Colleague: 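Can you keep this structure in mind? I'll have questions shortly.
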Amino acid sequence: MFVLSLIEDTLILPPKSFDDEIKTLTNMINKKYANKVIMGVGLGITLKQIVWIGPTFLFEGSATLQVRFTFIVFRPFKGEIIEGKIKDCDKTYIQISLGFFDQVYIEPNCLRSPYSYDANDKIFYWAYKQSDGGQMSAMYYEINEPIRFRVIEVRFRDVASKMKRPPDPEAATEGAVAANVDDVEEPMMIFGSVVEDGLGMVRWWVDEEEVEPSQQNGTYDDFWIRSGRWLRYGSVVGRRRGS
(Lines give C-alpha, C1' and ligand atoms only; values in the text may rest on other atoms or scores of the structure.)
Protein backbone atom coordinates (compact mmCIF):
# COMPACT_ATOMS: atom_id res chain seq x y z
CA MET A 1 0.00 0.00 0.00
CA PHE A 2 2.81 2.40 0.89
CA VAL A 3 6.03 2.45 -1.12
CA LEU A 4 9.26 4.44 -1.25
CA SER A 5 9.73 6.48 -4.40
CA LEU A 6 13.03 8.07 -5.48
CA ILE A 7 12.43 11.62 -6.75
CA GLU A 8 14.79 14.29 -8.10
CA ASP A 9 13.80 17.95 -8.19
CA THR A 10 15.28 21.42 -8.55
CA LEU A 11 14.56 23.75 -5.64
CA ILE A 12 15.24 27.42 -4.96
CA LEU A 13 16.32 28.40 -1.45
CA PRO A 14 15.76 31.98 -0.23
CA PRO A 15 18.77 33.71 1.39
CA LYS A 16 17.34 33.54 4.93
CA SER A 17 17.42 29.73 4.78
CA PHE A 18 21.12 29.29 4.04
CA ASP A 19 22.00 28.70 7.71
CA ASP A 20 19.86 25.54 7.96
CA GLU A 21 19.79 24.05 4.48
CA ILE A 22 18.60 20.55 5.41
CA LYS A 23 15.68 21.77 7.52
CA THR A 24 14.63 24.20 4.78
CA LEU A 25 14.82 21.53 2.09
CA THR A 26 12.80 19.13 4.23
CA ASN A 27 10.04 21.69 4.74
CA MET A 28 10.02 22.67 1.06
CA ILE A 29 9.83 19.07 -0.15
CA ASN A 30 7.01 18.17 2.24
CA LYS A 31 5.08 21.32 1.33
CA LYS A 32 5.38 20.52 -2.38
CA TYR A 33 4.69 16.76 -2.30
CA ALA A 34 2.86 15.77 0.92
CA ASN A 35 -0.85 15.12 0.40
CA LYS A 36 -0.42 15.80 -3.32
CA VAL A 37 -0.82 13.35 -6.17
CA ILE A 38 2.49 12.73 -7.95
CA MET A 39 1.43 11.88 -11.48
CA GLY A 40 2.15 8.26 -12.34
CA VAL A 41 3.58 7.62 -8.85
CA GLY A 42 0.90 7.98 -6.17
CA LEU A 43 -0.27 10.15 -3.28
CA GLY A 44 2.65 11.72 -1.45
CA ILE A 45 2.70 11.14 2.31
CA THR A 46 5.97 12.43 3.76
CA LEU A 47 9.70 12.76 3.12
CA LYS A 48 11.76 9.75 4.14
CA GLN A 49 15.34 10.85 3.43
CA ILE A 50 17.38 13.31 1.40
CA VAL A 51 19.97 11.15 -0.33
CA TRP A 52 21.85 13.65 -2.52
CA ILE A 53 22.26 17.41 -2.88
CA GLY A 54 23.84 18.71 -6.07
CA PRO A 55 26.00 21.79 -6.64
CA THR A 56 24.52 25.10 -5.54
CA PHE A 57 24.14 27.98 -8.00
CA LEU A 58 23.55 31.50 -6.70
CA PHE A 59 21.30 33.79 -8.70
CA GLU A 60 19.89 37.12 -7.55
CA GLY A 61 20.52 36.26 -3.91
CA SER A 62 18.83 32.84 -3.98
CA ALA A 63 20.38 29.37 -4.21
CA THR A 64 19.28 26.93 -6.90
CA LEU A 65 20.19 23.27 -6.41
CA GLN A 66 19.15 19.79 -7.39
CA VAL A 67 17.97 17.41 -4.70
CA ARG A 68 17.40 13.66 -4.80
CA PHE A 69 15.25 12.15 -2.05
CA THR A 70 13.04 9.22 -1.10
CA PHE A 71 9.38 9.94 -0.42
CA ILE A 72 6.74 7.71 1.15
CA VAL A 73 3.91 7.33 -1.34
CA PHE A 74 0.48 5.73 -1.14
CA ARG A 75 -0.07 3.51 -4.16
CA PRO A 76 -1.77 0.16 -3.62
CA PHE A 77 -0.75 -2.66 -5.93
CA LYS A 78 -3.14 -4.54 -8.17
CA GLY A 79 -4.69 -7.43 -6.26
CA GLU A 80 -4.17 -5.86 -2.82
CA ILE A 81 -7.07 -6.18 -0.36
CA ILE A 82 -7.97 -2.99 1.52
CA GLU A 83 -10.67 -1.95 3.97
CA GLY A 84 -12.42 1.41 3.94
CA LYS A 85 -15.86 2.90 4.56
CA ILE A 86 -18.56 3.62 2.01
CA LYS A 87 -18.75 7.39 1.56
CA ASP A 88 -21.33 7.76 -1.19
CA CYS A 89 -23.43 5.73 -3.58
CA ASP A 90 -24.89 6.44 -7.00
CA LYS A 91 -26.48 4.13 -9.55
CA THR A 92 -23.18 4.09 -11.47
CA TYR A 93 -20.69 3.54 -8.62
CA ILE A 94 -19.99 3.14 -4.91
CA GLN A 95 -17.43 5.58 -3.50
CA ILE A 96 -15.16 4.50 -0.64
CA SER A 97 -13.10 6.56 1.80
CA LEU A 98 -9.85 5.32 3.31
CA GLY A 99 -9.77 8.24 5.75
CA PHE A 100 -6.89 10.03 4.03
CA PHE A 101 -7.97 9.26 0.45
CA ASP A 102 -11.53 9.29 -0.89
CA GLN A 103 -11.17 8.61 -4.60
CA VAL A 104 -11.91 4.87 -4.47
CA TYR A 105 -14.69 3.49 -6.65
CA ILE A 106 -16.48 0.21 -7.21
CA GLU A 107 -18.56 0.04 -10.38
CA PRO A 108 -21.69 -2.14 -10.57
CA ASN A 109 -20.04 -4.83 -12.71
CA CYS A 110 -17.56 -5.37 -9.85
CA LEU A 111 -20.24 -6.07 -7.23
CA ARG A 112 -21.46 -9.48 -6.10
CA SER A 113 -23.99 -10.93 -8.52
CA PRO A 114 -26.91 -10.79 -8.63
CA TYR A 115 -27.04 -7.19 -7.48
CA SER A 116 -29.68 -4.49 -7.64
CA TYR A 117 -29.97 -0.75 -7.00
CA ASP A 118 -32.61 0.60 -4.65
CA ALA A 119 -33.56 3.93 -6.23
CA ASN A 120 -35.52 5.05 -3.16
CA ASP A 121 -32.72 4.50 -0.66
CA LYS A 122 -30.02 5.18 -3.31
CA ILE A 123 -28.07 2.10 -2.34
CA PHE A 124 -26.90 -1.15 -3.94
CA TYR A 125 -27.55 -4.58 -2.48
CA TRP A 126 -26.48 -8.15 -3.16
CA ALA A 127 -29.53 -10.33 -3.73
CA TYR A 128 -28.10 -13.39 -1.98
CA LYS A 129 -30.06 -16.64 -2.25
CA GLN A 130 -29.35 -19.62 -0.03
CA SER A 131 -27.84 -22.65 -1.75
CA ASP A 132 -30.82 -24.78 -0.74
CA GLY A 133 -33.15 -22.56 -2.74
CA GLY A 134 -34.48 -20.69 0.28
CA GLN A 135 -35.48 -17.05 0.58
CA MET A 136 -33.53 -14.18 -0.94
CA SER A 137 -31.56 -11.99 1.47
CA ALA A 138 -30.92 -8.34 0.56
CA MET A 139 -27.31 -7.65 1.61
CA TYR A 140 -26.99 -3.86 1.57
CA TYR A 141 -23.87 -1.80 0.83
CA GLU A 142 -24.60 0.77 3.52
CA ILE A 143 -23.17 4.29 3.80
CA ASN A 144 -20.51 4.80 6.52
CA GLU A 145 -20.13 1.04 7.04
CA PRO A 146 -16.76 -0.81 6.63
CA ILE A 147 -16.18 -2.54 3.31
CA ARG A 148 -13.37 -4.83 2.14
CA PHE A 149 -12.35 -4.80 -1.54
CA ARG A 150 -9.63 -5.96 -3.91
CA VAL A 151 -7.75 -3.34 -5.97
CA ILE A 152 -8.10 -3.95 -9.71
CA GLU A 153 -6.70 -0.66 -11.09
CA VAL A 154 -4.95 2.55 -10.08
CA ARG A 155 -5.67 5.25 -12.65
CA PHE A 156 -3.96 8.62 -13.10
CA ARG A 157 -5.44 11.55 -14.99
CA ASP A 158 -3.89 14.92 -15.86
CA VAL A 159 -6.52 17.38 -14.69
CA ALA A 160 -4.24 20.44 -14.48
CA SER A 161 -5.07 21.64 -18.01
CA LYS A 162 -8.80 21.16 -17.41
CA MET A 163 -8.63 23.20 -14.22
CA LYS A 164 -7.37 26.19 -16.22
CA ARG A 165 -10.49 26.27 -18.40
CA PRO A 166 -13.44 28.54 -17.43
CA PRO A 167 -15.96 26.55 -15.36
CA ASP A 168 -19.17 25.37 -16.98
CA PRO A 169 -22.05 27.16 -15.18
CA GLU A 170 -24.42 24.25 -15.81
CA ALA A 171 -21.94 21.72 -14.41
CA ALA A 172 -21.36 23.82 -11.29
CA THR A 173 -24.91 23.59 -9.93
CA GLU A 174 -25.10 22.87 -6.23
CA GLY A 175 -25.39 19.19 -5.41
CA ALA A 176 -24.48 18.07 -8.93
CA VAL A 177 -22.85 14.64 -9.19
CA ALA A 178 -20.94 12.92 -11.97
CA ALA A 179 -23.12 10.98 -14.41
CA ASN A 180 -20.65 8.07 -14.17
CA VAL A 181 -17.23 7.41 -12.78
CA ASP A 182 -15.56 8.39 -16.08
CA ASP A 183 -16.82 11.94 -15.50
CA VAL A 184 -15.02 12.20 -12.16
CA GLU A 185 -12.04 14.51 -12.67
CA GLU A 186 -9.47 13.50 -10.08
CA PRO A 187 -5.71 13.10 -10.63
CA MET A 188 -5.66 9.66 -8.99
CA MET A 189 -8.45 7.10 -8.69
CA ILE A 190 -8.51 3.56 -7.34
CA PHE A 191 -10.96 0.97 -8.67
CA GLY A 192 -11.94 -2.09 -6.68
CA SER A 193 -13.95 -5.29 -6.82
CA VAL A 194 -15.94 -7.24 -4.23
CA VAL A 195 -16.93 -10.28 -6.32
CA GLU A 196 -15.01 -12.82 -4.17
CA ASP A 197 -15.99 -14.54 -0.95
CA GLY A 198 -14.76 -12.60 2.07
CA LEU A 199 -15.09 -9.28 0.23
CA GLY A 200 -17.89 -6.74 0.48
CA MET A 201 -19.33 -5.41 3.72
CA VAL A 202 -17.16 -6.52 6.64
CA ARG A 203 -20.20 -7.38 8.76
CA TRP A 204 -21.25 -10.00 6.18
CA TRP A 205 -18.35 -12.26 7.05
CA VAL A 206 -16.89 -13.87 10.14
CA ASP A 207 -13.80 -16.05 10.47
CA GLU A 208 -14.48 -19.74 11.05
CA GLU A 209 -12.76 -19.78 14.45
CA GLU A 210 -15.18 -17.07 15.66
CA VAL A 211 -18.23 -19.27 15.03
CA GLU A 212 -19.55 -21.29 17.96
CA PRO A 213 -19.56 -25.12 17.48
CA SER A 214 -23.36 -25.12 17.82
CA GLN A 215 -23.54 -22.78 14.82
CA GLN A 216 -21.13 -24.88 12.77
CA ASN A 217 -23.22 -28.02 13.09
CA GLY A 218 -26.29 -26.31 11.74
CA THR A 219 -28.16 -25.41 14.94
CA TYR A 220 -28.57 -21.85 13.66
CA ASP A 221 -29.53 -20.87 10.15
CA ASP A 222 -27.75 -17.53 9.94
CA PHE A 223 -24.30 -18.88 9.00
CA TRP A 224 -23.15 -20.57 5.77
CA ILE A 225 -19.58 -21.61 5.18
CA ARG A 226 -18.02 -20.33 1.94
CA SER A 227 -14.34 -20.80 1.09
CA GLY A 228 -13.12 -20.93 4.68
CA ARG A 229 -15.20 -17.96 5.81
CA TRP A 230 -18.70 -17.89 7.17
CA LEU A 231 -21.32 -15.73 5.53
CA ARG A 232 -23.52 -14.13 8.17
CA TYR A 233 -26.81 -13.10 6.65
CA GLY A 234 -29.46 -13.41 9.34
CA SER A 235 -28.96 -9.93 10.77
CA VAL A 236 -29.39 -8.13 7.45
CA VAL A 237 -32.50 -9.75 5.96
CA GLY A 238 -34.80 -6.93 4.90
CA ARG A 239 -32.54 -4.36 6.53
CA ARG A 240 -32.68 -0.85 5.11
CA ARG A 241 -30.21 1.98 5.51
CA GLY A 242 -30.62 3.71 8.83
CA SER A 243 -32.73 0.92 10.37
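All values derive from a computational prediction rather than experimental measurement. All values below come from the heavy atoms of this structure, side chains included, with hydrogens, waters and symmetry mates left out.
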Colleague: Could you list the residues that satisfy salt bridge (Lys or Arg N to Asp or Glu O under 4.0 Å) with Glu196, not counting sequence neighbours?
Modeller: Arg150
Colleague: Partners of Asp9 by side chain to side chain donor-acceptor pair (under 3.5 Å), sequence neighbours excluded?
Modeller: Lys32, Tyr33
Colleague: Honestly curious: do Met28 and Trp52 fall in one hydrophobic cluster under the side-chain, below-4.5 Å linking rule?
Modeller: no
Colleague: Apply side-chain contact (heavy atoms from CB on, under 4.5 Å) to Phe59 and list each qualifying residue two or more places apart in sequence or on a separate chain.
Modeller: none
Colleague: Hey, is the main chain of Gly200 close enough, under 3.5 Å, to the side chain of Arg112 for a donor-acceptor pair?
Modeller: no
Colleague: Can you sort out the partners of Glu186 under salt bridge (Lys or Arg N to Asp or Glu O under 4.0 Å), two or more places apart, ordered by chain and number?
Modeller: none
Colleague: Quick one: list whatever passes side chain to side chain donor-acceptor pair (under 3.5 Å) with Glu80, sequence neighbours left out.
Modeller: none
Colleague: So which atom in Pro76 and which in Ile190 form the shortest heavy-atom distance, rounded to 0.1 Å?
Modeller: CG-CD1, 3.5 Å
Colleague: May I ask you to test the Ile50-Thr70 pair for a side-chain heavy-atom distance under 4.5 Å?
Modeller: no
Colleague: Counting N and O atoms only, with roles assigned by atom type, does the side chain of Arg75 sit under 3.5 Å from a partner on the main chain of Gly40, one being a donor and the other an acceptor?
Modeller: yes
Colleague: Where the side chain of Ser97 meets the backbone of Gly99, is there a donor-acceptor pair that is under 3.5 Å apart?
Modeller: yes
Colleague: Under the side chain to side chain donor-acceptor pair (under 3.5 Å) test, which residues partner Lys48, sequence neighbours left out?
Modeller: none
Colleague: Roughly how far, to the nearest 0.5 Å, is the NZ atom of Lys36 from the CD1 atom of Ile45?
Modeller: 11.5 Å
Colleague: List the residues meeting side-chain contact (heavy atoms from CB on, under 4.5 Å) with Thr10, not counting sequence neighbours, and say none if there are none.
Modeller: Thr64, Gln66
Colleague: Would you mind listing every salt bridge (charged side-chain N to carboxylate O under 4.0 Å, His left out) that reaches into residues 94-106, with sequence neighbours excluded?
Modeller: Lys87-Asp102
Colleague: Ring centres under 6.0 Å, that's the criterion: do Tyr125 and Tyr117 meet it?
Modeller: no
Colleague: Scan side-chain atoms only and decide if Tyr105 and Gln103 contain a donor-acceptor pair under the 3.5 Å cut-off.
Modeller: yes
Colleague: Report the residues that fulfil side-chain contact (heavy atoms from CB on, under 4.5 Å) with Val194, sequence neighbours left out, ordered by chain and then residue number.
Modeller: Ile106, Leu111, Tyr141, Ile147, Phe149, Leu199
Colleague: Taking Asp121 for its side chain and Ile123 for its backbone only, find out whether a donor-acceptor pair lies under 3.5 Å.
Modeller: no
Colleague: Out of curiosity, does Phe77 fall in the hydrophobic cluster containing Phe71 (side-chain heavy atoms, cut-off under 4.5 Å, transitive links)?
Modeller: no
Colleague: Sorted by first residue and then second, give each salt bridge (charged side-chain N to carboxylate O under 4.0 Å, His left out) pair with at least one member in residues 61-70; sequence neighbours left out.
Modeller: Glu8-Arg68
Colleague: Distance from Ile86 atom CD1 to Ile94 atom CD1, nearest 0.5 Å?
Modeller: 5.0 Å
Colleague: Partners of Phe57 by side-chain contact (heavy atoms from CB on, under 4.5 Å), sequence neighbours excluded?
Modeller: Pro55
Colleague: Can you see which heavy atom on Ile12 is nearest to which on Ser62, and at what distance?
Modeller: CG2-CB, 3.8 Å
Colleague: Once salt bridge (Lys or Arg N to Asp or Glu O under 4.0 Å) is applied, do any residues pair with Lys85, and if so which ones, sequence neighbours excluded?
Modeller: none
